[in-house]
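Start at 1 with the first residue, then count along the sequence. Bear in mind the structure is a predicted one, so any value in this text is a computation, not a measurement.
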Amino acid sequence: MSQEQSLCDFCRSSPESSEIIGIERGKNSLKRMIRKKELAQVLLQKVLVYHKEQEQLNKGKPRAFRVGSLLGDKTRMTELSRDMNAYIRPSPTRGTLGGVTRTTNEAILLCEGGGYDIILIETVGVGQSEFAVADMVDMFVLLLPPAGGDELQGIKRGIIEMADLVAITKSDGDLVVPARRIQAEYVSALKLLRKRSEVWRPRVVRISSRTGEGIAEMWDKMREFQDLMLASGELMTRRQKQQKIWMWNLIQESVLEHFRTHPTVRGQIPLLERKVLSGALSPGLAADLLLKAFKAETNEM
């Protein structure tokens, strides 16, 4: 067993359990209208302040309460990065969807083992990254701009069905009225979708990272979700399913890498790729040729 796996197994045996939250921007959302890094900073700062206030009210024994942001950006979260109870881990995408890499799961596990109470996973918001991050977190949060009905039609149904919480951003100034309208539209739309949980119905909130409006309500919904899912046992079931998905993702990645680097296959890839690009060979036939070469060499071994 490698040192990496030994460390992960040690962290997995830790009795501490973190709250893991994924944040995803709607694929059709305008980037200039949603700044996830800004929201992540405001939200995590609110969480830290909330915990300090609760500690003072309860007069309990002081305990280090720490938060972490994975795939975050320190240059856009300068205030939070100066807090000793916060940890920000930028990650290069390396060509993977939304920056969610094979090491993201390990990073989550290490943060849990390190005693971080809240772990926030941010994605770039491209391709199928929302499906990848949803298989890593306890709660999946979808951020949407205060646009009109056309935006509602443009968002994929799949990502809406995965959302445990929908947050309408930029609910300030002239955008308050549009934000209220889109909130009402999503409240109605979510009623028509199949339920992912027996104890939780997805909520829709309005927030503004500029004014702080709705951030406290958003955090309250996150706490309510965590409490209900823990009490019902659904959170444990969800995490167990995620472990199985993680296993198969690693297997698929390893098998594909073994296939691509196999001496017989590696030598034929450039030629077949050129033929596919020129139209001389169909992608399906090229794939069959590579697979036959791989199988023939494997059977001879």
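- Looking at heavy atoms from C-beta onward, Leu272 lies in side-chain contact with Leu281 at the 4.5 angstrom threshold.
- For the atom pair Leu235 CG and Leu230 CG, the distance stands at 5.0 Å (nearest 0.5 Å).
- Note that CD of Glu224 and CD of Glu217 are 10.5 Å apart. Values are rounded to the nearest 0.5 Å.
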Would you sort out whether Ile121 and Ile20 count as a side-chain contact (heavy atoms from CB on, under 4.5 Å), showing the intermediate values? CA-CA 7 Å; Ile121 314 296; Ile20 308 168; 4.2 Å; yes
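- Counting heavy atoms from C-beta outward, Leu143 and Ile23 have side chains that approach closer than 4.5 Å.
- Taken to the nearest 0.5 Å, the CG atom of Leu109 stands 12.5 Å off from the OG1 atom of Thr104.
- By the side-chain hydrogen bond (donor to acceptor under 3.5 Å, both in side chains) test, Arg238 pairs with Asp164, sequence neighbours left out.
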The test is side-chain contact (heavy atoms from CB on, under 4.5 Å); show your working for Val205 and Trp219 and say whether it passes. CA-CA 10 Å; Val205 297; Trp219 172 239; over 6 Å; no
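- Val133 approaches Gly22 most closely through the heavy-atom pair CG2-CA, 4.4 Å.
- Taking a cutoff of 4.0 Å between a charged side-chain nitrogen and a carboxylate oxygen, Arg223 and Glu19 qualify as a salt bridge.
- Other residues sharing a hydrophobic cluster with Val176 under the 4.5 Å side-chain heavy-atom criterion for ILVMFWY residues do not exist; the residue is a singleton.
- Looking only at distances, no side-chain donor or acceptor of Arg201 sits under 3.5 Å from a matching main-chain atom of Val199.
- The two residues Leu165 and Lys221 make their nearest non-hydrogen contact at CD1-CB, 4.2 Å.
- Nearest approach of Ala134 to Gln242, heavy atoms of both residues: O-NE2, 3.5 Å.
- Taking CG from Asp135 and CG from Asn105, the interatomic distance works out to 9.0 Å, rounded to the nearest 0.5 Å.
- Remark: side-chain polar atoms of Glu161 are not paired, donor with acceptor, to backbone N or O of Arg194 under 3.5 angstrom.
- Looking at Glu24, its side chain never comes within 3.5 Å of a backbone N or O of Val141 through a donor-acceptor pair.
- For Thr169 (side chain) and Leu144 (main-chain N/O), a donor-acceptor pair under 3.5 Å exists by modelled atom type.
- Rounding to the nearest 0.5 Å places CE of Met222 at 10.0 Å from CZ of Phe225.
- Applying the side-chain hydrogen bond (donor to acceptor under 3.5 Å, both in side chains) test to Glu273 and every residue at least two apart in sequence or in another chain returns nothing.
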Show your reasoning for whether side-chain contact (heavy atoms from CB on, under 4.5 Å) applies to Glu253 and Glu257. CA-CA 6 Å; Glu253 188 174 310; Glu257 181 64 21; 5.8 Å; no
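- Other residues sharing the hydrophobic cluster of Met247, ordered by chain and number and joined by side-chain separations under 4.5 Å: Trp248, Ile251, Val255.
- By the 4.5 Å heavy-atom criterion applied to side chains, Phe259 and Leu290 are counted as neighbours.
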Does Phe140 form a side-chain contact (heavy atoms from CB on, under 4.5 Å) with Ile21? I'd like the steps, not just the answer. CA-CA 6 Å; Phe140 183 69; Ile21 302 168; over 6 Å; no
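- You'll find the side chain of Ile207 stays beyond 4.5 Å of the side chain of Ile168, heavy atoms only.
- The CZ atom of Arg260 sits 6.0 Å away from the CG atom of Leu256 when rounded to the nearest 0.5 Å.
- Judged as a side-chain hydrogen bond (donor to acceptor under 3.5 Å, both in side chains), and not counting sequence neighbours, Ser232 has no contacts.
- Using a 4.5 Å cut-off on side-chain heavy atoms (C-beta onward), Phe294 and His258 make contact.
- Here the closest non-hydrogen pair linking Ser18 and Arg239 is O-NH2, 2.7 Å.
- Ser278 contributes a side-chain N or O that, together with a main-chain N or O of Arg274, makes up a donor-acceptor pair within less than 3.5 Å.
- Here the shortest heavy-atom pairing between Pro283 and Val276 reads CG-CG1, 4.1 Å.
- Judged as a side-chain hydrogen bond (donor to acceptor under 3.5 Å, both in side chains), and not counting sequence neighbours, the contacts of Ser197 are Glu234.
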Does the pair Glu213 and Arg206 meet the rule for a salt bridge (Lys or Arg N to Asp or Glu O under 4.0 Å), with working shown? CA-CA 8 Å; Glu213 179 185 352; Arg206 290 183 294 108; 3.4 Å; yes
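- Side-chain heavy atoms closer than 4.5 Å link hydrophobic residues (I, L, V, M, F, W, Y) into clusters, and following such links, possibly through other members, connects Leu193 to Val187.
- Ser171 and Ser208 get closest at one heavy-atom pair: O-CB, 3.7 Å.
- By the neighbour-count criterion of 12 heavy atoms within 6.0 Å, atom NZ of Lys195 is densely surrounded, having more than that number from other residues, nucleotides or ligands.
- When the side chains of ILVMFWY residues are joined at heavy-atom separations under 4.5 Å, either directly or via intervening members, Ile269 and Leu291 end up in a single hydrophobic cluster.
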